[in-house]
Each structure stands twice: as structure tokens, then as C-alpha cells.
Number of protein chains: 2
Amino acid sequence: MSHRITIHDIARELNLTTATVSRALNDHPRISTETKRLVQEKARQMKYRRNKLASSLRSGKSHTIGVIIPSAQMNFFGSVVHGIENVASNNGYSIILYQSEETSALEKKAIETFLSARVDGILASIAKETVDFTHYVELKKRNIPLVFFDRTNEDLKVPAVVVDDYKGAYLATEHLLKNGYKRIAHVAGPQHIKGFRDRLNGYKDALKANQKKAEKNYIYQGNVSIESGKEAVDYFLKLVEPPDAFFAVEDYTALGVIKCLKERKFKIPDEFGVIGFANESFDEHITPALSSVDQQTVQMGKEAFNLLMEMIKINDSKSTVKEKEKIVLEPILCYRESSAGKKA
Amino acid sequence: MSHRITIHDIARELNLTTATVSRALNDHPRISTETKRLVQEKARQMKYRRNKLASSLRSGKSHTIGVIIPSAQMNFFGSVVHGIENVASNNGYSIILYQSEETSALEKKAIETFLSARVDGILASIAKETVDFTHYVELKKRNIPLVFFDRTNEDLKVPAVVVDDYKGAYLATEHLLKNGYKRIAHVAGPQHIKGFRDRLNGYKDALKANQKKAEKNYIYQGNVSIESGKEAVDYFLKLVEPPDAFFAVEDYTALGVIKCLKERKFKIPDEFGVIGFANESFDEHITPALSSVDQQTVQMGKEAFNLLMEMIKINDSKSTVKEKEKIVLEPILCYRESSAGKKA
DNA sequence: CTGAAAGCGCTAACAC
DNA sequence: GTGTTAGCGCTTTCAG
């Protein structure tokens, strides 16, 4: 600690200038192989460690990106962050992590910090609460590379990585039909959220494609919770002709559906089929194991980082190549016991 | 973007020097209230944003800490990070997140990066693979504040935040006894890991305290997995006098125990009691709901950050106050159906 | 291929 | 209470 090693120290030892040392350390093309070897050897020997702050300050590139997620406690986001950090690290980038706790205020604070830390780009998943997007628009104006993942906003025209909700819902519904269920109901989520709207549409279209129409009373408007799954079942079972299968907008809702059906002593999948969405970690451990649609979280993180990288490069080269608008990941059907088909 | 605002710009506008502006912005005591007001007003108006890189480079404090976890995908660590980021953010600190993927190589790489980024301190949970601790020892030597959480190493004498595994195990075992189970077995984890050893001891001592001795054949050496829970049950049920309750070293093992018992059509908690450790998110959703011991993950993150802060402050003040060695969190018993007691 | 010199934006002695 | 001056450690023109 007494005295940290800098390029000056190396330069002195080797009778070179700091400029040459710096270039040698950065593998500059116009430095002789011999000098590079010498410098790098010396650096190792003296336990030199580049001061990233100084280097970033001077060069204008921090090799750091900012990541905003609603909460690290949510499985889904932990998993995406896992993907992001993994590729970032492999590409020599560090990530600064911030949680919005679903509030715009913390989102703004995070962006402030990122700007202040001169990050090279930002990856974000929009907070539920956020309706005013000026802080994100500001980033676009300032030409700071930005990519949304999962929670996005179409109007902003910000590149994004999402899973194909429509398709996932379509697959789930089709799957139930294929397994012999005749009357498929949907426990929907808040329709002001695009992903949930897409899932409803995927459900409707899958029914149409199979010569069934989506009956209004087979759609229950829930609020994404175990409770709403239970309430949905209560509602559906009162119908003159109740459904025989449920496609829930996500796994916690599906869990509520299952719990309620079990309380009423119904048999799953013999009497009712159930499928959810998200492929939560508990899916395979409950009884019956819950079928679901996987959202490729880790892959989402990786793609998001790669997309951001592209944008950073385009920015650097000042070229005007049109950047990709959107990456849509394929949802993956996870077939488990809860939708295995009716007993004859 | 054309021209970023610096303190020079503010200084020029206000006919002051950069030094005064800098001081005003940092709320320096010897600057007149009026000047401060003026400067801060102007800064806001010009949309000035402090360049953290320059400020850190100069001051030697980055207000950034490094965090190493095995994987963000693991619920437990996501939760701890949630706690860390939360307090860090409230204290004006940013966190750089790295995953070790349970390897020493990535641990070392993370530390290199942190040092290079001049973080003010490091929070880490040791990778499973790590047996050579020189990279951590190096930090101590260089006097970089370091705090371990959850996965720690006693020999290193590095301050740490952990949950009281012994006590958690004691509580769990005692709970089973209180609920009328007579012959308690333990599915243990690898004994080279301190936490698991502590849990075994807690189990043994709880039995002793209740005038029972821990019989060797009631302890199964597992490897922390669903599989090992199943194997344990297979083993235990072959005994002449099988146990009537199982304390599993963690929840996945407990899950295996439950699955196996259910496959064999045994009734839980009527015929066998089961309790796990970790309070995983699936616990309350499986059937029967799994009793467990909560490890206070979020709190662990918060305490770890606070402890690190203390160390950073002690470091700054160059005082020689002895720092805290260890914070031990209270485990919390989560009583659910799986251990509700035998039917008479 | 290497050197000289300037400066990224900020803070901190030291003056007065 | 404010200004002067120096410099954190690095990269980057511009020379030669």
C-alpha cells in the first residue's frame, strides 16, 4: 500500500517513457514485440495493476455497463442478471447493478449514477410503476446506448430483448387441446401490460385455429397472484358448462388454480388440465408438477448484453448502421404432469 | 453530448474558480451559504453531472464496492444481493457484481477487476471449489476492507456475517420432538463445510438435551440434493427401528425425502415428520408445505454492507479500533404442515 | 518504433 | 471564504 505501482515506475525501471509503456500494455500495433515482452514481463514482476479510473477518465470508455432490474430477489431477474454478468465478464466488462424496487424514483437515481460513472451503456427492465419515460428518453437524446429486456415500451423505439408471449400462449393452449381437453379457459393478467395482452391473444388465436372460439366467460381477469388463480376457479366452476382446462397467465396464478382444484378434491390432470407461464423453480416440485412455458431468462440476459455491445460499437465507429430493433426469444413449452390429458 | 458540462463551465458562468465550485458542490463547510446556493442552482440549471471517475481518481475514494457471489441464479444469493444493493444505494454506494460460478479462477479475476476499479471494499461469499485462499489473504495484506457472508473461512480471520447454523438445527430438531416425533433422523451434508457440520452438531445437542442420544445409524451422509434425500429415506426405512421424523440439512434434500415418502404412500405429517433448512420459495407451495429454517438472507446482505462500511471508516480514520469479527444472525423457525405432529 | 507534452475533470494543499 | 497551483494515472495527439 505504501506506494502503488504505476506506469511511471515501470517506465523508470526500463528507461522508457510512460507513453511507450502504456502502448505496450495495451498491445499497440506500432510497438516492437521485444518492448512489449519486456514491459509486460516487468509489469507482472512489479505486480502492476492498471488504474481503471485514470484510464477510463482519459479514454472516455469505462468498460462498465449499468443494469437496472426491479429486484434481485425475484428469481426471474436473478436469472437474467446471471446471463448478463456471464457474457459481460467474458467480454471484459463489469456491471453495476441497481434495483428499482418497481419505482420510477429509484430508476432515475440509478440512471443518474450510471451517467455519473460514465458507463458505456445501460440495460434495463422497466419498473411497474413507471408511466413517465422521460428519464429513458433523455438517454436516447444523449446518445447513451440503451437496451430493454423483458419489460419494454414499444413507443420509445428502444431496442429490446423479449420472449414471444403470444407464441408461448399459443403453444400452451394448443398443447392443452392436443392432450384432449375440450374447453380451455384463461386466467388473464392486467391488460395494460403488453406481455399479458399478447398472452391473451395467443390463447384466443390458438382456439380459433382449432375451430373453437374464445368465449368471453372463459376468460377471467386476474391480477397475477395465487389468490386470483383461486378466485378464477371459483368463478369458472359456477358456469353451466365449466371448462376442463386452465391456461394461467403465469405460474403463481396457476398455483392458485391447482390449490383450489385440490381443495375441492378434483383430480389433475384427470379431470382438469392446468398450464402456467414462467417455468418457476417450484413448478417441478409441486404435486402435480406444473406444466409451463419457459422464458429463457439466461439467454435473455446474454442477448441483451450482446445487443448492447453492438450498439456501443456502432456508436464508437460513428457509423450509421441501423441497429436491431428487437430480439424475440422462442418460448419453450415445458410439459409436465398437470396437463397430461384426461382419463377417458 | 457535443460538450459535457464540467465545473469549469459553472465556474466561468459564475465568475468563480473551479475549486470554489467543487467545494460548493460538496457542501464544504467553509463556503458561504449564498455561494453554495448559487452554484448548486447553476449546476442544476446547466444539467451538470459530476464525473465520478475524475472525482474518484483524485480523491482516492470510489464509493463503489465489489460483490462476489457464486451465482445470481441461486435464489439465496439473489436475495442477499437484494439486501446489499438496497443499503448500499441508500448510503451513496454503487455495487459491481461478479459471479464466481463456484470457481477460484473467476474469484481471482473478480478481485483483479475490483482492485483495478479501486473499489472501497469487497463483499464475498466463497466459491465451493476454493481451497487456496491466497487471493483473499492478499486483500488483507493490502488492507482492502473485506467481509465474507454466508460462505466463510474461520482461519482467515476475515469479518463475516453468517446465520447460526447450529442454533437453526437445534431449533428444528427440538421442534420435531415437541410435536411428538420420537425417533429423529438427520440427512446431513458434506462435513468439510462448516455450516453443515454445525447443523449436525445442533441436531445432536438438541437430542442430548432431550435425553436422547444421536444414534449413528440415524445419520445419513448426503450430498445436498433431491437425490440424496430419496436415498436417505431408502436407507432409513430398512432399519429395524426406522425413524419417524427427518431433519434434512437443506430444503432440496427435504424435498427428496418428501417425494420418496409420498411415492411409498406414507402420510406426512401423520406418519413421518419432515423439516428442512433454507426456507426456499417452493416450501410453502408443495404438499405438504415444508417446515424449514429461514436464514435471513436480506438481513444478511444488509448487515454485511454495514460491517464493510464500518471497516472502511476505520480504515479512513487510520484509527486502530478493533473491528467486529463476526455477526451471527438468528435463524427463524418456519412452522408448516410437514412437521405438524403424528396422528395418535 | 518511441518520445514529449498536454490534459481528461476533479480535489486538496497552501495561500491570503 | 475564495483563489492558486499542482497533480491523481493514464492515453493520445504530434513529432521525429
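Chain identifiers are assigned alphabetically (A, B, ...) following the order of the sequence lines, protein sequences preceding nucleic acid strands; residue numbering begins at 1 within each chain.
Both B:Thr18 and A:Ala19 lie close to DNA chain D; mapped to their nearest nucleotides by heavy-atom distance, the more 5′-ward contact belongs to B:Thr18.
Under the 3.5 Å distance criterion, with hydrogens and angles disregarded, a donor-acceptor pair is assigned to the side chains of B:Ser71 and A:His82.
Note on B:Ser22: a base of the nucleic acid sits closer than 4.0 angstrom, heavy atoms only. Using a 4.0 Å heavy-atom criterion, one finds that B:Ser56 contacts no nucleic acid atom at all.
An OP1 or OP2 oxygen of D:dT11 is reached within less than 4.0 angstrom by a side-chain nitrogen or oxygen of A:Arg50. Between A:Ser32 and C:dT2 there is a side-chain polar atom (N or O) within less than 4.0 angstrom of OP1 or OP2. In terms of phosphate contacts, B:Ser55 brings no side-chain nitrogen or oxygen within less than 4.0 Å of OP1 or OP2 of C:dG9. Neither OP1 nor OP2 of C:dT2 sits under 4.0 Å from any side-chain N or O of A:Thr17.
Judged by distance alone with a 3.5 Å cut-off, no donor-acceptor contact links the side chain of A:Arg58 to the base of C:dG9. On a pure distance criterion of 3.5 Å, no polar donor-acceptor pair joins the side chain of A:Arg30 and the base of D:dT12. The base of C:dG3 sits within donor-acceptor range of the side chain of A:Arg23, with an N or O pair under 3.5 Å.
Atom P of nucleotide C:dT11 and atom NZ of B:Lys52 are separated by 13 Å, given to the nearest angstrom. In this structure, CD1 of B:Ile10 is placed 12 Å from C1' of C:dC10, rounded to the nearest angstrom. The distance between atom NE2 of B:His8 and atom P of C:dC10, rounded to the nearest whole Å, is 8 Å. Atom CG in A:Asn51 sits roughly 13 Å away from atom C1' in C:dC8 (whole-Å rounding). Remark: C1' of D:dC10 and NZ of A:Lys61 are 16 Å apart, rounded to the nearest angstrom. Distance B:Asn15 CG to D:dT2 P: 13 Å, rounded to the nearest Å. As a whole-Å value, the separation of B:Leu53 CG from D:dG7 P is 22 Å. One interatomic measurement links the two molecules: CG of B:Leu25 to P of C:dC10, which rounds to 9 Å at whole-angstrom precision.
Residue-environment remark: NZ (A:Lys128) stays at or below the threshold of 12 foreign heavy atoms within 6.0 Å.
Side-chain N or O atoms of A:Asn315 include none that pairs as donor or acceptor with a backbone N or O of A:Met311 at under 3.5 Å. Remark: the backbone N or O of B:Ile65 is not paired with any side-chain donor or acceptor of B:Asp120 at under 3.5 angstrom.
Closest approach to the A:Ser59 side chain among D:dT12, C:dG3, D:dG9 is made by D:dT12 (side chain taken as heavy atoms from C-beta onward).
A salt bridge does not link B:Glu325 to B:Lys157: none of the charged nitrogens lies less than 4.0 Å from a carboxylate oxygen.
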